[in-house]
Amino acid sequence: MPSVLITGATSGFGKAAAMRFAKAGWSLILTGRREERLKALESELSQHVPVLTLTLDVRDSEAVSKALGELPEPFLPLTCLINNAGLALAPEPSQKVDLKDWHTMIDTNITGLVNVTHAALPLLLAQGEGASILNLGSVAGQWPYPGGHVYGASKAFVQQFGYNLRCDLLGTGVRVTDLAPGMAETEFTLVRTKGNQEASDALYRGTTPLQAEDIAEQLYYLATLPAHININRLEIMPVRQAWSAFAVDRDAN
Ligand SMILES: NC(=O)C1=CN([C@@H]2O[C@H](COP(=O)(O)OP(=O)(O)OC[C@H]3O[C@@H](n4cnc5c(N)ncnc54)[C@H](OP(=O)(O)O)[C@@H]3O)[C@@H](O)[C@H]2O)C=CC1
Ligand SMILES: O=CCS(=O)(=O)O
């Protein structure tokens, strides 16, 4: 039975991915900081597939390597790692940002992803052919926008780290993909605005954002491609989202 480790399974893409992979009969290793949400998922999905929940902060490298170093036999070898845990903070311009918010994004989106990848690599290498690392990047890693600052830069790291990993993993059979969504309706904006439900609702109102299930479907597709195919980067936007014109600073007249 194939197994998938999903970071950030308590919400959004991670939770939807847990549902999608469970539907296909995969064993699940689900992580996140909110234990009660993990337990709720476990009690629902363990009726169908083996589920292991790990209450983990991806920023804690020791806890990550201990937990992944002690995975029980039925979940090994690991077929797929979904590096999904992440967040954006501080939608305001750089010059107004609290430095702590930048550090939190770096510690989670970069250091956390690296912690989990390092600990999971031996488990994926034990699987070899057909194994995958699916990293949640973002359109923000490729395209700049006001207020994107460290969030976008952290997702550019995710892309380049994935490409470099591919070079090192050549010959092992382990695949690496940067899955880069655009606007998707999850708890992402609620987190970014530190709990401003109105701002979150306003962002998604009157348009048709991606849904978590859309991304879960792509994750499942990537994880089940024939073993000789590696999609390096998959960027997905809602049809109702596109780029904007360059901004120009003009003299007042
Ligand atoms: N929604 C969007 O528009 C887009 C999102 N993304 C990316 O997709 C990923 C998932 O986001 P999305 O589902 O939208 O957002 P959600 O806020 O709905 O989910 C984020 C998940 O990350 C987990 N998480 C956050 N910080 C940590 C941490 N320190 N340790 C462990 N888990 C953590 C949360 O779990 P818990 O709080 O329980 O720890 C939660 O399960 C992120 O990497 C995000 O950057 C990319 C492009 C678009
Ligand atoms: O990664 C999230 C999508 S966006 O807010 O940067 O467009």
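Atoms within each ligand, like the ligands themselves, are counted from 1 in listed order.
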> Could you please provide the protein residues found below 4.0 Å of ligand 2 on a heavy-atom basis, arranged by chain and number?
S138, V139, A140, Y145, Y151, F188, R192

> Can you pull out the closest protein heavy atom to atom 25 (C) of ligand 1? Residue, atom name and distance to 0.1 Å, please.
R33 NH2, 3.4 Å

> Looking only at protein heavy atoms, which one is nearest to atom 44 (C) of ligand 1, and what is the separation?
Y151 OH, 3.6 Å

> What residues form a ring pair (Phe, Tyr, Trp, His ring centres under 6.0 Å) with Y151, not counting sequence neighbours?
F188

> So is there a nitrogen or oxygen of V58 less than 3.5 Å from a nitrogen or oxygen in ligand 1?
yes

> Report yes or no: does a heavy atom of L56 sit under 4.0 Å from some atom of ligand 1?
yes

> Looking at ligand 1, does A16 have a heavy atom less than 4.0 Å from it?
no

> Determine whether the side chain, the backbone, both or neither of E185 has a heavy atom under 4.0 Å from any heavy atom of ligand 1.
neither

> Pairs of nitrogen or oxygen atoms closer than 3.5 Å, one from Y204 and one from ligand 1: do any exist?
no

> Out of G12, A17, G86, S138, who gets a non-hydrogen atom closest to atom 20 (C) of ligand 1?
G86

> With respect to P181, determine whether any N or O atom, backbone or side chain, lies less than 3.5 Å from an N or O atom of ligand 1.
no

> For ligand 1, note which part of T108 has a heavy atom under 4.0 Å away: side chain, backbone, both or neither.
side chain

> Under a 3.5 Å cutoff, is there a donor and acceptor pairing between the side chains of D251 and N253?
no

> Looking only at distance, does F13 have an N or O less than 3.5 Å from an N or O of ligand 1?
yes

> Is there a polar contact, in the sense of an N or O pair closer than 3.5 Å, between G8 and ligand 1?
yes

> Given T10, L190, T7, which one has a non-hydrogen atom that is nearest to atom 38 (O) of ligand 1?
T10

